[in-house]
A.B. asks: 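Right, I'll just put the structure down here and ask away after.
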Amino acid sequence: MSELTQALAAGALNIDVAGTLRGMPSVTLPPGVSLRGGMLTFGAKGLRLTTNNTVQDVTITTSPHEVSIYNDTTVTDLGTLTLKNVTTTGQVYLAADGNVRSGRVVADGVHVTAADTRGRFHRPTGFGVEALQGAFTLWNRQPDPAVVLTARLENISAGTAQEPVHGGGVFVGGHQDGSGKADGGTVEVELLTTNEVYSDGGIAPGTPDLISGGVFVISGANVAQVRNVGTTTTYGQNDMVLDNWGAVTNWTADAAVTSYGPSGIGFVNFGDIGTLTVNAAVETFGQGARGFNVYDGSLQEAVFETIITHGDGSMGVQVSRDLPVLRIRGDLRTEGGTGESLVKGVLLPLSAIALSVKPGGRIGTLNVGGDVRTEGPSVPAMDLEGALDSVTVGGTVSALGAKSDVVRAVPALAPALSGLTTEGRSPQSR
């Protein structure tokens with residue numbers, strides 16, 4: 001420890017650490033200083049960055065509820081903060097706050113083994129809920145829209161299946177008003193890629209106004225490309241797996257998207273997305289845990305492999321806004337009946353309908369390669385209160401437990417539904 005302190009005091013710009021340093025107080029890297037190697041163990045807060053710092057090939061350990069890496073908010077410019085091949089116990093928290101007016105973050109290979117952000121006071125608010133910070137958090141909290149952070153974030157991961165992080169997983173956002181809309185400083189992200197992310201928000205059962213996300217793009221974040229290379233899994237109450245309040249040009253998930261908790265959602269959109277592609281199964285197991293929701297904002301095209309839900313109240317797909325193209329290569333299936341689910345900060349009873357288009361919602365072209373099926377008692381396969389311009393289903397539309405219509409729809413949709421193959425009653429008007 002004394003050698004590290006001496007090196008910093010002597011003005012060394014490149015510091016190599018060999019071995020393990022234990023019982024350390026928080027250490028601040030002065031502007032321009034790089035730190036490489038070693039294992040650093042802190043009693044409370046960990047490594048504080050200032051301006052133009054690089055941290056590489058380092059393991060940093062503190063208590064899970066502390067910050068392992070954070071930044072000095074008295075500086076005006078972060079310069080470029082670089083994290084490469086870094087493993088932490090404790091949150092990575094980088095923010096434009098205080099005096100910070102600009103900066104860039106470049107991260108490649110950051111793994112947060114354990115973190116607990118449930119006690120953080122600052123949380124973004126919108127759509128009737130607050131959102132927990134992530135184990136890895138990049139946040140522009142400045143209300144001034146002239147304050148811009150830029151970032152390239154690659155190979156970010158959090159938790160394990162045996163020990164998920166508590167709170168959110170990966171969180172990137174800017175400043176927002178109380179409704180969840182961006183209204184201040186932004187984060188401009190060229191690329192966000194995640195490896196395996198396992199999170200459990202630890203939210204108390206029945207809580208209506210608090211959520212977390214496995215990978216969460218918050219309003220005020222403008223991301224050119226999100227790519228989930230590894231699986232993303234959430235376990236707790238109100239834990240969204242993939243959640244967007246921001247603006248994303250292309251979002252691609254190449255590995256499984258899985259929710260085990262009540263009122264979770266596989267993918268939920270409140271922001272703006274160009275193209276969403278999920279090349280693996282979206283599957284949920286908890287009560288009221290839906291597969292895919294378009295609640296607000298805009299989404300031009302969504303492509304899924306399969307969507308399967310198992311719990312009561314767990315809809316497969318629910319659309320409340322305009323969605324020009326929805327394609328599901330395989331099946332869209334639900335197994336549950338009726339149960340409570342969180343909807344914009346309110347717990348409501350829902351039926352596990354496979355496809356729901358709400359009033360004001362629209363799907364331009366719907367193509368399902370496999371089956372559309374529900375198994376719960378009195379649960380129709382489709383409930384279409386909004387618009388559906390055209391639909392093609394390669395398999396069968398069936399409601400195995402329904403005692404009424406397989407498809408419920410407004411009369412105007414009869415022509416679009418005429419070619420469907422159904423098990424049970426033919427599609428009927430509402």
Side-chain angles (χ1 to χ4, degrees), residues 56-57 82-88 92 94 105-115 134-138 150-165 168-173 187-200 212-218 221-235 239-244 246-260 264-269 271 273-284 291-292 299 301-308 327-330:
Q56 182 171 350
D57 303 329
T82 302
L83 307 178
K84 187 173 183 179
N85 190 26
V86 173
T87 301
T88 75
V92 175
L94 302 174
V105 175
V106 177
D108 189 353
V110 177
H111 177 55
V112 182
T113 61
F136 180 99
T137 292
L138 173 60
T150 66
R152 186 177 182 91
L153 311 173
E154 300 180 77
N155 301 307
I156 312 299
S157 57
T160 64
Q162 294 72 36
E163 186 181 0
V165 295
V170 178
F171 170 117
V172 178
V187 178
E188 307 292 328
V189 183
E190 301 143 24
L191 176 65
L192 167 61
T193 67
T194 61
N195 294 331
E196 292 190 347
V197 174
Y198 300 92
S199 68
D200 183 342
S212 74
V215 177
F216 208 151
V217 176
I218 296 289
N222 303 313
V223 187
Q225 183 175 4
V226 177
R227 193 165 197 110
N228 309 115
V229 179
T231 58
T232 311
T233 308
T234 62
Y235 296 90
D239 289 352
M240 312 300 125
V241 187
L242 305 176
D243 197 341
N244 178 57
V248 179
T249 305
N250 291 289
W251 191 317
T252 303
D254 290 322
V257 175
T258 310
S259 165
Y260 289 101
I265 303 177
F267 195 105
V268 57
N269 182 57
I273 302 177
T275 302
L276 167 66
T277 307
V278 183
N279 294 314
V282 173
E283 192 165 11
T284 72
F292 170 54
L299 173 55
E301 180 179 9
V303 179
F304 293 87
E305 190 62 31
T306 60
I307 298 176
I308 303 169
R327 182 157 62 95
I328 301 170
R329 300 180 186 123

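Predicted model only: the values in this text are computed from it and were never measured. The residues of the chain are indexed from 1 along the displayed sequence.
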A.B. asks: For Pro164 and Ala161, which heavy atoms make the closest approach, and how far apart are they?
C.D. replies: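 So the minimum-distance heavy-atom pair works out to CD-O, 4.1 Å.
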
A.B. asks: What are the two closest heavy atoms between Ser259 and Val241, and how far apart are they?
C.D. replies: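 Distance-wise, the nearest heavy atoms are CB-CG2, 3.6 Å.
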
A.B. asks: Looking only at heavy atoms, what is the nearest atom pair of Leu299 and Gly274, with distance?
C.D. replies: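 Where Leu299 meets Gly274 most closely, the heavy atoms are CD1-O, 4.0 Å.
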
A.B. asks: Let's go through Val105 and Leu153 carefully: what are the C-alpha distance in whole Å and the side-chain angles of both, what is the deciding distance for side chain to side chain contact (heavy atoms under 4.5 Å, CB included) to 0.1 Å, and is it a yes or a no?
C.D. replies: CA-CA 8 Å; Val105 175; Leu153 311 173; 4.0 Å; yes

A.B. asks: Out of Thr234, Asp243, Asp239, which residue meets the side chain to side chain donor-acceptor pair (under 3.5 Å) rule with Ser212?
C.D. replies: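 Of all the options given, the one that passes is Asp239.
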
A.B. asks: Rounded to the nearest 0.5 Å, how far apart are CD of Glu188 and OG1 of Thr150?
C.D. replies: 8.5 Å

A.B. asks: Can you tell me how far OG1 of Thr252 sits from CG of Leu276, rounded to the nearest 0.5 angstrom?
C.D. replies: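 The distance works out to 7.5 Å.
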
A.B. asks: Ignoring hydrogens and angles, state whether a donor on the side chain of His111 or Thr87 is under 3.5 Å from an acceptor on the partner side chain.
C.D. replies: no

A.B. asks: Would you mind telling me which of Asn269, Val257, Thr194 makes a side-chain contact (heavy atoms from CB on, under 4.5 Å) with Leu242?
C.D. replies: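 The residue from Asn269, Val257, Thr194 that satisfies side-chain contact (heavy atoms from CB on, under 4.5 Å) with Leu242 turns out to be Val257.
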
A.B. asks: Please assess Leu192 against Val170 for the test side chain to side chain contact (heavy atoms under 4.5 Å, CB included), listing each intermediate value before the final yes or no.
C.D. replies: CA-CA 10 Å; Leu192 167 61; Val170 178; 4.3 Å; yes

A.B. asks: Any chance you could measure Tyr260, atom OH, to Asp200, atom CG, to the nearest 0.5 Å?
C.D. replies: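 Rounded to the nearest 0.5 Å, the OH-CG separation comes to 12.5 Å.
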
A.B. asks: Considering the options Thr193, Thr277, Asn279, which one meets the side chain to side chain donor-acceptor pair (under 3.5 Å) requirement together with Asp254?
C.D. replies: Asn279

A.B. asks: Under the criterion side chain to side chain contact (heavy atoms under 4.5 Å, CB included), I'd like the reasoning laid out for Val278 against Phe292: C-alpha separation, chi angles, the key distance, then a yes or no.
C.D. replies: CA-CA 11 Å; Val278 183; Phe292 170 54; over 6 Å; no

A.B. asks: Restricting to non-hydrogen atoms, name the atom on Ser199 and the atom on Gly168 that form the minimum distance, rounded to 0.1 Å.
C.D. replies: CB-C, 4.2 Å

A.B. asks: Any chance you could measure Ile308, atom CD1, to Thr258, atom OG1, to the nearest 0.5 Å?
C.D. replies: 10.0 Å

A.B. asks: Got a second to check how far Glu190's CD is from Glu154's CD, nearest 0.5 Å?
C.D. replies: 9.0 Å

A.B. asks: Search all heavy atoms of Val229 against all heavy atoms of Ala255 and return the closest pair with its distance.
C.D. replies: O-CB, 3.5 Å

A.B. asks: Applying side chain to side chain contact (heavy atoms under 4.5 Å, CB included), run through Asn244 and Trp251 and close with a yes or a no.
C.D. replies: CA-CA 10 Å; Asn244 178 57; Trp251 191 317; 3.9 Å; yes

A.B. asks: State, to 0.1 Å, how close Ala221 and Val172 come at their nearest heavy-atom pair, and which atoms those are.
C.D. replies: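 Smallest interatomic distance, heavy atoms only, reads CB-O, 3.6 Å.
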
A.B. asks: Can you tell me how far CD of Glu196 sits from OG1 of Thr160, rounded to the nearest 0.5 angstrom?
C.D. replies: 9.5 Å

A.B. asks: Any side-chain heavy-atom pair from Val303 and Arg329 closer than 4.5 angstrom?
C.D. replies: yes

